[in-house]
Amino acid sequence: MTSAVVRDRRSTRPFERTLVPGVLAMTAISSLIPILVDGWWLDLGLPGRYALAVACWLSVLAGLLARQRRPGNPIGIWLAISGLLAPPAFLVGASSSALIVASAIAFVGAAGFGAMVPISFPAGRLDGRAPLAIAAVAVTCLIYRVQQVVLFDPVKSLAGWTQPNPFAIRADPSAVGVFEAAYGAFGIAFLVLFAVWLARRWARLTGPARLSISPVLTGALFFVACSLMQAFAQAAGVGGDAMAIVQFVHTLSFSAVPLGFMAGLLRVRMARSAIADLVVELGDAPEPAALRRALGTALGDPSLEVSLWSREQASFVDTDGSAIASLDAVAGGRAVTLLERDGEPLVAIIHDPALLDDPGLVASVAATVRLTVENDRLAQEVRTQLTEVRASRARIVEATDAERRRLERDIHDGAQQRLVALSYDLGRARSRLGADADPELTRTLSEASEELRVALTELRELARGIHPAVLTQAGLGPAIRALAERSTVPTELRVELTRRLPAAVEATAYFVVSEALTNVGKHGGDCSAQITLAEVSDCLELEVRDDGPGGADPSSGSGLRGLRDRVEAIGGSLELDSRPGHGTSLKANLPIPEVVV
Amino acid sequence: VNEPIRVAVADDAVLLREGVVRILADEGFVVIGQCGTAEALLSLVRESPPDVAIVDIRMPPSFTNEGLVAASSIMHEFEGRIGVLVLSQYVETEFALRIVTEGRGGVGYLLKDRVADVGEFADSVRRVARGGSVVDPEVVSLLVNRRRARGPLDELTEREREVLALMAQGRSNQAICERLFITPKTVEAHIANIFSKLELLPAADDHRRVLAVLAYLRR
């Protein structure tokens, strides 16, 4: 199984931007040679020389593009070098011996580096038999060049060869014939093998890799086919215009690999934008199944699978949400690409290993998937936290209510009872005092009784403020009525309740009305209040309205804030309307939960 | 005065129950039994029917309104032959009105504190035993003094308001005379004025009078 972990960075190696002007200048010089310099080119006609210049430029530009996209991959350098060396490689007929030697070296270099491109594409690695194949190309070219240099007779040979050949060992046409034949046989055999290898590779391409690799392989195949054609033509002794055309087409085919490379880039770019579009289409909460379909379609890999990481289960889960024990078992020979965030797994994509040949594509998919999945996860986290906070707020309010009830009961059963019992004892004592009793004692007992009565009244009010017993005993209606009876302003009641409500709703409604009436009372003056309470479709709607001066500031005071917290804790809403001169209205809407029996 | 009044007392708070029992004994009542739950009270009353059952409103098991339910059962079962006096540690007009409205024969609703005023409490028990109605003065005071928009109540004189409050407490004309040091004729005149100002029909008996006045005040 092949696996790759894609992190946020795409490559550690920067693109050699500073070298670009130098490379372009060298390309300009190199490509101008075949156009400006006449007479050094053996049988290469003017159209062929132009084709050579074009191939030079295309190779260098494709090389620069490759380098920019994948700074860690050497293919760009090889492409550029083979392009730069192509024109000098044909300077066979130069007048200077040094130039002839240089041209021979350039020829070997151009062919060797050029061959490395399709052989190592797209990873840029020379594994297995690849170096052997390149060595074969270089040796073949070397043999060809050596025979040209050492055996050609300037007088007898091809057009344009005007200078005496200083390297000539023996200007023997028959020896030329032997070498040409040997070269032709070896070259043709090699080219056929190369063509077969390229064609098989092309046939085995699957899924996403097709996009970028197939144009390069096609270009290489075209080049090899043209080379074969030229070799056969030469072996068959074709001459004249026909040979010139063959030569020209062969020169043109130098551009096939760089053109294929650029076509591949374009196709990948289009595929990538298709992926981005698809993932965007999925929205910010992709279902694993939908994500899987979208990625599979965009990458041309129907077998692609997506597994999301589940924090709760500490494992990858399949589309049904059940844990996956081993990704390797699921992958079964396919590649697994893990996306991580902060060292924590996020998503595993199980896909065709060929996808890994284009790390750029993987990175692009990774970025989009990471974004959507992470978004979804964050949204999920926020929702979970919100639910937790709401539940805990409701629990706090419930606990507070329970505590208030307990406190009231403690007072009722404790201090209040003891004081009432004490008042009974005092009452009995007073009733036993005869008319002739000590007046001082009578007065003292009477004062004590009065003090005790006041204390009991205060304690009763305190307990009522903590939790009104009538709310538990008789429900919201009577409790609100009790509030209205004790209100300091005339208060009208409209209560439409036919049943007891859950304790939390009753208590919240009670405290809202209580607080509102207290605020109305603060206005003083001639104002009155109206309390409306009604159950409307699973909601308790209540309003306390007064005809006071209005203009209450909703942000001032902790009373309203506290009320709002209470109301929201049980999922309700509170609304204050208090424009100056229009009285004040406090509305609360409290959902009534289904009582679980 | 001739026959001692028989009383049953129900309150889960032993301290208070025994206090009430002692006071009742002091005042010449016969306490036929005491208990701590509504159920025990019902069986006690069925076994030996007293003249008055004194019930705490808040008793086990739920400590809400068991006493009220028991009082209601007794009133229905004995069709008013047993007076019921409900005691509470809080004043609620809601409960006072419920008890008086449901009452047949003697009914009463008093704050527990009232027991300490031994003479007044004994009088209340006697009134309930005689079939009268007793409403805690604080209930009446809450209703009378409640802030309300201007209405017929504002037309009453100070003295008429006092008479109204005493009527609402369930006092007889005679008792009102004694309280306010006025003659029965003056009391009758006040009552006639009150009923006409409030546009109430004269009531047939004291109990209906209490009901009518309370209902009016609670509007």
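Labels below follow one simple rule: chain letters A, B, ... track the order of the sequence lines, proteins then strands, and each chain is numbered from 1. This structure is a prediction, so every number in the text was calculated from the model and none was measured.
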*For A/Arg460, is it the side chain, the backbone, both or neither that has a heavy atom under 4.5 Å from a heavy atom of chain B?*
both
_Portion of A/Ser487 that has a non-hydrogen atom of chain B nearer than 4.5 angstrom_ = backbone
*Is any side-chain heavy atom of B/Val163 less than 4.5 Å from a side-chain heavy atom of B/Ile194?*
yes
*Who wins among B/Leu15, B/Asp26, B/Ile23 for the most heavy-atom pairs under 4.5 Å with chain A?*
B/Asp26
*If you count the non-hydrogen atoms of other residues, nucleotides and ligands that lie under 6.0 Å from CD in A/Gln530, is the total more than 12?*
yes
*Most heavy-atom pairs under 4.5 angstrom with chain B, which of A/His412, A/Glu485, A/Arg453, A/Gln417?*
A/His412
*Contacting moiety of B/Ile57, where chain A heavy atoms sit under 4.5 Å*: side chain
_Between B/Val100 and B/Tyr109, is there a side-chain heavy-atom distance shorter than 4.5 Å?_
no
*Side chain, backbone, both or neither: which part of B/Val118 has a heavy atom under 4.5 Å from chain A?*
side chain
*For the side chain of B/Lys197 and the backbone of B/Glu155, is there at least one donor-acceptor N/O pair under 3.5 Å apart?*
yes
_Heavy-atom proximity to chain A below 4.5 Å, by part of B/Asp117_ = neither
*Please determine, among B/Leu143, B/Leu142, B/Asn65, the option with the most heavy-atom pairs under 4.5 Å with chain A.*
B/Leu142
*Pick from A/Gln473, A/Arg409, A/Arg486: which one has the most heavy-atom pairs with chain B under 4.5 Å?*
A/Gln473
_Can a donor-acceptor pair be found, under 3.5 Å and without considering hydrogens, that links the side chain of B/Ser88 to the backbone of B/Val91?_
no
_Less than 4.5 Å to any heavy atom of chain A: does that hold for the side chain of B/Arg218, its backbone, both, or neither?_
both
_Most contacts with chain A, counted as non-hydrogen pairs under 4.5 angstrom, among B/Arg58, B/Arg148, B/Arg22_ = B/Arg58
*Option that, when pairs with chain A are counted at under 4.5 Å, heavy atom only, ranks first among B/Glu94, B/Glu18, B/Gln89*: B/Gln89
*Should the heavy atoms of other residues, nucleotides or ligands under 6.0 Å from CZ of A/Arg418 be counted, would the total exceed 12?*
no
*Is it true that A/Arg481 and A/Glu492 have a side-chain N and a carboxylate O under 4.0 angstrom from each other?*
no
*asked:* Between B/Asn145 and B/Ser141 (side chain of the first, backbone of the second, donor and acceptor by atom type, cut-off under 3.5 Å), is there such a pair?
replied: yes
*At a heavy-atom separation under 4.5 Å, does A/Ser449 approach chain B through its side chain, its backbone, both, or neither?*
neither
*Heavy-atom distance under 4.5 Å between the side chains of A/His467 and A/Leu471, does that happen here?*
yes
*asked:* Given heavy-atom pairs under 4.5 angstrom as the criterion, report whether the side chain, backbone, both or neither of B/Glu138 touches chain A.
replied: side chain
_Is A/Arg432 close to chain B through its backbone or its side chain, or both, or neither, when contacts mean heavy atoms under 4.5 Å?_
side chain
*Answer with side chain, backbone, both or neither: which region of B/Glu92 has an atom nearer than 4.5 Å to a non-hydrogen atom of chain A?*
side chain
*Scan A/Leu574, A/Leu590, A/Leu540 and name whichever one has a side chain to side chain contact (heavy atoms under 4.5 Å, CB included) with A/Thr508.*
A/Leu590
*asked:* For B/Phe121, which atoms come within 4.5 Å of any heavy atom of chain A: side chain, backbone, both, or neither?
replied: neither
_CD (A/Glu450) with more than 12 external heavy atoms under 6.0 Å_ = yes
